[in-house]
Protein chains: 2
Amino acid sequence: MTFTDLSIAAGAKMLPIKEIAERAGIPEEALELYGNFKAKINVNDLPPAADFGKVVLVTAISPTPAGEGKSTVTVGLADAFNQLGESVVVALREPSLGPVMGMKGGATGGGFAQVLPMEDINLHFTGDIHAITSANNALAAFIDNHLHQGNRLHIDPRRITWKRALDINDRALRHVTIGLGGPAQGVPREDGFDITVASEIMAVLCLATSLEDLKERLAQMVIGYTYDREPVTVRDLEVEGALALLLKEAFKPNLVQTIEGTPALIHGGPFANIAHGCNSLAATNTARQLADIVVTEAGFGADLGAEKFMHIKSRKGGFNPDAVVIVATVRALKMHGGIAKDALAETDPDAVRRGMVNLAKHVDTIRQFGIEPVVALNRFVTDSEGELAEIMAWAKAEGVAIALTNVWEQGGKGGLELAELVKQELERPTNFAFLYNETDSVEEKLRVIVQKVYGGVDVQLSDKAQKQLLEIKKCGWDELPICMAKTQYSLSDQPKLLGRPQGFTISIREIIPKLGAGFLVCLTGDIMTMPGLPKQPAALKMDVGPNGEAVGLF
Amino acid sequence: MTFTDLSIAAGAKMLPIKEIAERAGIPEEALELYGNFKAKINVNDLPPAADFGKVVLVTAISPTPAGEGKSTVTVGLADAFNQLGESVVVALREPSLGPVMGMKGGATGGGFAQVLPMEDINLHFTGDIHAITSANNALAAFIDNHLHQGNRLHIDPRRITWKRALDINDRALRHVTIGLGGPAQGVPREDGFDITVASEIMAVLCLATSLEDLKERLAQMVIGYTYDREPVTVRDLEVEGALALLLKEAFKPNLVQTIEGTPALIHGGPFANIAHGCNSLAATNTARQLADIVVTEAGFGADLGAEKFMHIKSRKGGFNPDAVVIVATVRALKMHGGIAKDALAETDPDAVRRGMVNLAKHVDTIRQFGIEPVVALNRFVTDSEGELAEIMAWAKAEGVAIALTNVWEQGGKGGLELAELVKQELERPTNFAFLYNETDSVEEKLRVIVQKVYGGVDVQLSDKAQKQLLEIKKCGWDELPICMAKTQYSLSDQPKLLGRPQGFTISIREIIPKLGAGFLVCLTGDIMTMPGLPKQPAALKMDVGPNGEAVGLF
């Protein structure tokens with residue numbers, strides 16, 4: 001018999017979510033049930049916390065097609081803390097439906113380190129992303145209706161920056177023309193669709209601290225420019241109330257459980273390249289209120305996920321991580337050492353050693369933030385003892401805490417050693433410091449990220465980006481943190497430069513102000529905000545049984 | 001103090017939905033809670049019914065901008081039965097978000113005859129419509145991905161009939177071009193968006209009898225034609241399983257309650273002009289299984305809603321209505337008598353008398369089906385005694401059962417007289433008969449509807465429709481019922497011909513086979529499948545309070 005994530009999930013016995021809530025100290029009146037195994041939390045009905053829990057951030061080396069299992073380690077580490085008798089909550093992002101239909105592989109962990117009910121979470125869950133799609137496209141309809149009904153605000157149809165969104169991988173919607181068919185059918189213009197998780201509304205929902213703050217952030221979003229190049233905001237259109245109304249339920253964190261019954265908050269999932277790529281601040285803060293230890297993750301490698309977690313999410317939330325785990329695998333390090341994906345099965349300790357420079361750089365980055373990271377070496381059955389020994393020897397030499405994890409197969413038990421090491425770090429005071437201040441110039445903030453986090457030499461702005469920066473300064477938007485949109489595969493902006501590239505310069509193509517989210521997106525290279533489907537979409541294997549059993553969902 | 005639908009709803013005390021379920025005889029294990037006041041029903045877990053309840057269909061005269069209050073009467077009638085101690089369940093359509101954001105006025109009844117929680121029902125409810133949007137657009141993405149990946153099926157990009165959908169009023173999306181931007185961005189073609197409730201998937205969900213039947217209907221949907229003009233179906237694309245998986249939760253009926261605690265099933269809401277405009281067969285059949293009396297409604301006037309209820313929904317469901325209520329108001333009859341909307345406040349019994357021909361025709365139509373209708377004269381405060389007397393005198397002369405209703409103000413109490421009359425009809429055996437058989441020719445079926453239901457002379461097919469009909473016959477699709485897409489405002493296909501137009505011919509512009517839904521849509525004139533927003537959308541007045549209270553939602 002072979003195990004799949006779905007068969008393991010389907011075979012697992014879940015506890016009623018009310019019981020999980022009780023374990024987490026959530027009173028029943030704060031719970032809104034969605035069936036027996038999912039609930040939304042009315043945060044205002046939680047008892048005030050005496051103190052807030054410590055935050056463990058799980059990040060990774062630069063991802064490769066070999067896979068690192070970051071979400072799996074995040075879940076397994078939380079389960080390990082649970083086994084150790086700690087009060088722990090895990091906080092994760094919600095998966096987007098688009099990739100689920102396209103590629104195999106969800107974002108709910110794997111094997112015996114999963115969150116449940118995995119099929120609900122991977123399909124519509126509690127409807128949060130659908131609510132964001134609705135709000136995003138309602139705003140688009142209000143904009144086009146405004147053009148159609150006389151354009152009181154003199155919005156330039158060529159300079160509308162707000163795009164439509166769908167939670168599906170659909171390349172044919174990247175570039176479209178709308179409003180065709182004559183005067184009764186709207187004003188013709190160019191437009192495009194992003195995947196919903198790339199909508200600024202997702203980032204707004206994930207960084208808002210209250211419903212009032214959510215509404216204020218929505219009001220601040222820039223949707224385009226007038227013929228006189230003045231920014232037009234949602235406030236100008238007077239629809240921030242309607243958008244907030246559409247989002248009021250989606251703003252509540254969702255409670256589920258891991259396979260081992262650890263409480264899990266799964267809420268919000270901004271695209272990790274165009275946005276900051278972490279679950280909502282609301283969920284993290286709720287978890288901090290409920291538990292002594294919060295295990296959470298950030299998208300992609302530490303150069304993107306962890307850097308944005310620190311500079312954007314932590315900064316807004318007024319807390320910092322108390323420990324950081326960097327996930328690495330032998331397979332991925334071998335790819336960083338120059339081995340192709342189809343040759344990974346062969347033992348090659350030299351390749352591991354060559355690839356380790358990538359891990360070393362991420363360790364160095366986390367240390368610069370004043371935190372001593374712990375490395376989780378996530379085992380695969382194909383790993384050889386010689387390859388593992390290579391990494392262990394390096395860690396010993398560099399004084400890096402490292403633990404083998406085997407959570408896919410063993411659940412929390414496979415993460416106990418890691419949990420013990422992380423606990424030691426949690427007991428030590430951190431020396432946390434941001435690498436840049438919001439008041440630094442945009443150029444300075446960019447330089448700090450490129451030099452200290454990516455290990456590059458300098459940053460260059462395209463003519464377009466320089467022009468945009470002038471505009472940003474004129475509008476007084478330059479004191480916002482940076483949200484880098486860079487390839488996740490390389491520390492540089494060249495996806496094929498694996499390992500630890502040296503002497504490179506990062507080119508900024510565009511700078512897009514996201515005033516609702518509260519950051520400046522700096523685009524390097526082509527960043528995809530609407531994925532496409534592969535030749536054989538995962539959907540072809542999906543089905544549903546007569547009693548509603550999911551088939552072929554991973 | 002003035003009452004609004006929202007203030008009345010917000011002030012109402014709801015019972016826990018578990019209690020409502022218990023009243024309706026739904027065992028707890030068949031219930032999936034969505035918060036404390038909404039639930040989905042796992043129909044397979046219901047106890048088998050000894051016999052099935054009787055069905056009361058609420059329909060109306062041809063609608064006018066004056067409003068008839070059909071949903072309000074439907075809810076009030078159910079509450080009246082409840083007050084009389086009858087075992088009753090009301091079954092209604094789910095409102096679409098698009099019109100909610102656009103125009104004031106929802107589909108959850110009004111005043112003291114509402115279903116609750118009205119704000120949830122009018123916003124995202126349990127996510128059914130979002131699931132349909134997802135399935136609709138996933139299918140569109142699979143089609144465009146098929147074109148992009150080599151087009152194995154030789155689909156002609158100019159002859160793709162499957163459109164994208166959003167649950168928003170957005171005229172700028174009616175006619176679009178997609179796939180622009182070069183070879184990596186898909187195949188350029190013309191496309192368009194419908195409002196989600198106009199998606200064939202909505203009709204499929206509303207007519208399916210089981211999850212297996214749902215999947216089979218999805219498989220049969222035609223998405224376009226090959227270069228050789230052969231139909232291409234979802235089965236050819238092999239994605240019916242994935243679509244059914246996306247819809248498995250949406251297929252379960254939703255349980256809520258009326259303001260007076262009557263169990264209400266709100267499920268499915270196909271567009272009443274392009275589709276059949278009734279709540280799901282699953283909900284109606286569940287209601288029939290649970291209660292002695294089921295009160296339900298069909299969209300628009302009896303010429304559209306009731307005709308399709310009989311010929312499409314009842315036929316598929318293997319039952320027929322046991323009683324029919326036709327809702328009329330003084331105000332609407334005055335408009336049918338030639339009075340403009342802004343002059344309705346003036347007393348004008350002559351106009352009422354002139355407009356009554358519209359009501360008389362609908363009474364006649366229902367009688368042709370072998371059912372003796374009951375007229376509900378829904379009172380407004382502006383109605384004069386003289387005007388009401390005019391209608392009462394007519395009813396007496398024609399032997400039509402008629403009752404005044406005042407359910408907006410009084411709830412079930414305002415519908416007791418109507419309930420008593422309907423009860424009398426329920427005790428009499430009906431003589432129900434379809435006006436046409438599925439095996440009749442398409443032309444014959446159309447002629448029957450035009451002559452017997454609309455009171456017209458004949459039907460004419462455009463050249464295009466004739467060509468399409470040849471194709472339909474060639475494919476063997478002609479033994480399906482007709483789904484007329486006609487203006488709701490007139491018995492004819494001319495929206496401005498109010499009252500009871502005579503001697504008219506109906507022109508069929510196009511015949512579109514909907515093989516998943518199982519009917520042939522016959523389009524007369526321009527039928528809007530994507531509404532637009534008005535100059536001042538209702539959204540401008542919407543807001544949300546700090547604790548999540550809805551503001552400005554009706």
Side-chain angles (χ1 to χ4, degrees), chain A residues 32-35 44 97 101 123-124 127 130-131 134 137-138 140-142 144-145 148-149 166-181 185-187 210-212 215 238-239 241-242 244-246 248-249 532-533 535 537 539-540 542-544 546-548 550-553, chain B residues 32-35 44 97 101 123-124 127 130-131 134 137-138 140-142 144-145 148-149 166-181 185-187 210-212 215 238-239 241-242 244-246 248-249 532-533 535 537 539-540 542-544 546-548 550-553:
Chain A
E32 244 173 69
L33 297 182
Y34 279 65
N44 293 349
L97 198 52
M101 289 284 130
L123 293 171
H124 308 289
H130 291 322
S134 292
N137 295 331
F142 296 138
D144 278 299
N145 190 53
H148 179 78
Q149 305 282 2
L166 281 176
D167 188 20
I168 183 80
N169 288 11
D170 194 345
R171 71 172 66 72
L173 293 180
R174 286 177 193 151
H175 301 287
V176 303
T177 53
I178 63 168
L180 306 177
Q185 326 290 348
V187 175
S210 67
L211 215 42
E212 284 300 298
K215 193 162 49 175
E238 302 171 52
V239 293
L245 183 61
L246 285 170
K248 72 188 177 74
E249 298 304 311
L533 288 167
K535 196 162 180 110
L540 296 180
M542 291 181 188
D543 203 354
V544 59
N547 293 313
V551 177
L553 197 61
Chain B
E32 243 173 67
L33 298 182
Y34 280 65
N44 293 349
L97 198 52
M101 288 286 130
L123 292 172
H124 308 289
H130 291 322
S134 292
N137 295 332
F142 296 139
D144 278 299
N145 189 52
H148 179 79
Q149 305 280 4
L166 281 177
D167 188 20
I168 184 78
N169 288 11
D170 194 345
R171 71 171 66 73
L173 293 180
R174 286 176 192 152
H175 302 288
V176 303
T177 52
I178 62 168
L180 306 177
Q185 327 289 347
V187 175
S210 67
L211 214 42
E212 284 300 297
K215 194 162 48 177
E238 302 171 51
V239 293
L245 181 62
L246 285 171
K248 72 188 178 76
E249 298 304 312
L533 289 168
K535 196 163 179 107
L540 296 181
M542 292 181 189
D543 203 354
V544 61
N547 293 311
V551 177
L553 197 62

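Each chain gets a letter, A, B and so on, in the order its sequence line appears, and its residues count up from 1. This one's a predicted model, so the numbers in the text were calculated from it and none came from an experiment.
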Name the option with the most non-hydrogen atom pairs under 4.5 Å to chain B; the candidates are A:Gly181, A:Ala138, A:Gly35.
A:Gly35

Pick whichever of B:Arg174, B:Gln185, B:Lys215, B:Lys248 has the most heavy-atom pairs under 4.5 Å with chain A.
B:Gln185

Using the rule side-chain contact (heavy atoms from CB on, under 4.5 Å), only one of B:Leu97, B:Leu166, B:Ile168 pairs with A:Ser134; which is it?
B:Leu97

Selection from B:Asp167, B:Asn137, B:Ile178 maximising heavy-atom pairs under 4.5 Å formed with chain A:
B:Ile178

Most contacts with chain A, counted as non-hydrogen pairs under 4.5 angstrom, among B:Leu123, B:Thr177, B:Val187, B:Asp170
B:Thr177

Provide the closest heavy-atom pair for B:Pro546 versus A:Leu211 in the form atom of the first, atom of the second, distance.
O-CD2, 3.9 Å

What residue, out of A:Leu246, A:Asp144, A:Asn44, has the most heavy-atom pairs lying under 4.5 Å from chain B?
A:Leu246

Any idea which of B:Glu32, B:Glu212, B:Lys535 has the most non-hydrogen atom pairs under 4.5 angstrom with chain A?
B:Lys535

What is the minimum heavy-atom distance between A:Ala244 and B:Val544, and which atoms define it?
CB-CG1, 3.5 Å

Best-contacting candidate, B:Ala140, B:Gly241, B:Pro537, B:Ala550, against chain A by heavy atom pairs under 4.5 angstrom
B:Gly241

For chain B, find which of A:Leu173, A:Asp543, A:Val176 contributes the most heavy-atom pairs closer than 4.5 angstrom.
A:Asp543

Working note: B:Asn145 + A:Arg171, criterion side chain to side chain contact (heavy atoms under 4.5 Å, CB included); need CA distance, chi angles, decisive distance, verdict.
CA-CA 8 Å; B:Asn145 189 52; A:Arg171 71 172 66 72; 2.8 Å; yes

With sequence neighbours left out, write down each residue that passes side-chain hydrogen bond (donor to acceptor under 3.5 Å, both in side chains) with B:His175, or none if nothing qualifies.
none

Apply side-chain hydrogen bond (donor to acceptor under 3.5 Å, both in side chains) to B:Asn169 and list each qualifying residue two or more places apart in sequence or on a separate chain.
none

Compare every heavy atom of A:Leu540 with every heavy atom of B:Val239, then report the nearest pair and how far apart it is.
CG1-CD2, 3.8 Å

Between B:Met101, B:Glu238, B:Glu249, B:His124, who has the most heavy-atom pairs with chain A when the cutoff is under 4.5 Å?
B:His124

Looking at A:Ala242 and B:Ala539, what are the two nearest heavy atoms and their distance?
CB-O, 3.4 Å

